[in-house]
Chemist: 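Okay, handing you the structure first.
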Amino acid sequence: MPRSFVKEARKRVGPKKQRIRPIIERLAVEHADAAIALKFESPLELLISVMLSAQTTDVSVNKVTATLFQKYRQPQDYLDVPQEELERDIFATGFYRQKAKALRGTMRMLTDEFDGEVPTTLSELVRLPGVARKTANVVSSELGHPEGIVVDTHVRRLSQRLGFTKQEDPVKIERDLVKLVPREDWGRFPHLMIWHGRRVCDARRPLCEDCVINDLCPSSRV
Ligand code: SF4
């Protein structure tokens, strides 16, 4: 889009600080079911699912964990089998060697340092082997203690289209978003972006004419 159009569009929709609340409110109504797609029943299952979800789809993780969680119930269970057996059990999620190694390292630390419980703070979660900031953000947020905003491909694309950030790097995007998004919405904001991205604001063919926030979006095509 030429620069003059972008400028004009930004002027038309107004400053992002004024748009953020109505955008969140409208998307919350539109996507009332927006939630994490991974299936889990405990903080441990959540952590493992998120670790397995790297470079694959939530659907394939859910398929694997449906049987995995029947067999492995405690952190120690992951340590009681040979690594090769765990690799076979998570094979379908891809990158199974690295993931099995990370899972076992994390289970070892949970057992040794956290009484077998999953910590809730970001600073503790990122100490776990193979748990990067994004994974830690998802886990702490789902456990009700969001300390940041999860930035995935949908959050990045929509935040850019909505004029919330000009950055490309997820860490810098998160920095812009935490200044803008009200603290109480840090947990639900990524879910709203993800579901709106999947259902309406597609990467290649955004359905601007059907979008409930098109009057607040500087990238709207209508
Ligand atoms: S108006 Fe279009 S570009 Fe903007 S959020 Fe909606 S679908 Fe995406």
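As the structure is a prediction and not an experimental result, all values here were calculated from the model. Side chains are part of it too, since the values below use all heavy atoms of this structure and drop only hydrogens, waters and symmetry mates. Order of appearance sets the numbers: ligands from 1, and atoms from 1 within every ligand.
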Chemist: If I compare all heavy atoms of Val178 with all of Gly148, which pair ends up nearest, and what's the gap?
Modeler: CG1-CA, 4.3 Å
Chemist: Only counting residues at least two apart or in another chain, list the ones meeting side chain to side chain contact (heavy atoms under 4.5 Å, CB included) with Glu209.
Modeler: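 Partners of Glu209 under the side chain to side chain contact (heavy atoms under 4.5 Å, CB included) test: Leu207, Val222.
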Chemist: Can you check whether Val131's main-chain N or O pairs, donor with acceptor, with Thr135's side chain at less than 3.5 Å?
Modeler: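 Checking the backbone N and O of Val131 against the side chain of Thr135, no donor-acceptor pair under 3.5 Å is found.
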Chemist: For the side chain of Glu87 and the backbone of Tyr96, is there at least one donor-acceptor N/O pair under 3.5 Å apart?
Modeler: no
Chemist: Report the residues that fulfil ring-ring contact (aromatic ring centres under 6.0 Å, His included) with Tyr72, sequence neighbours left out, ordered by chain and then residue number.
Modeler: Tyr78
Chemist: What protein N/O/S atoms sit under 2.8 Å from atom 2 (Fe) of ligand 1, by chain and number?
Modeler: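 N, O, S partners closer than 2.8 Å: Cys208 SG.
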Chemist: Apply ring-ring contact (aromatic ring centres under 6.0 Å, His included) to His31 and list each qualifying residue two or more places apart in sequence or on a separate chain.
Modeler: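 His31: ring-ring contact (aromatic ring centres under 6.0 Å, His included) contacts with His196.
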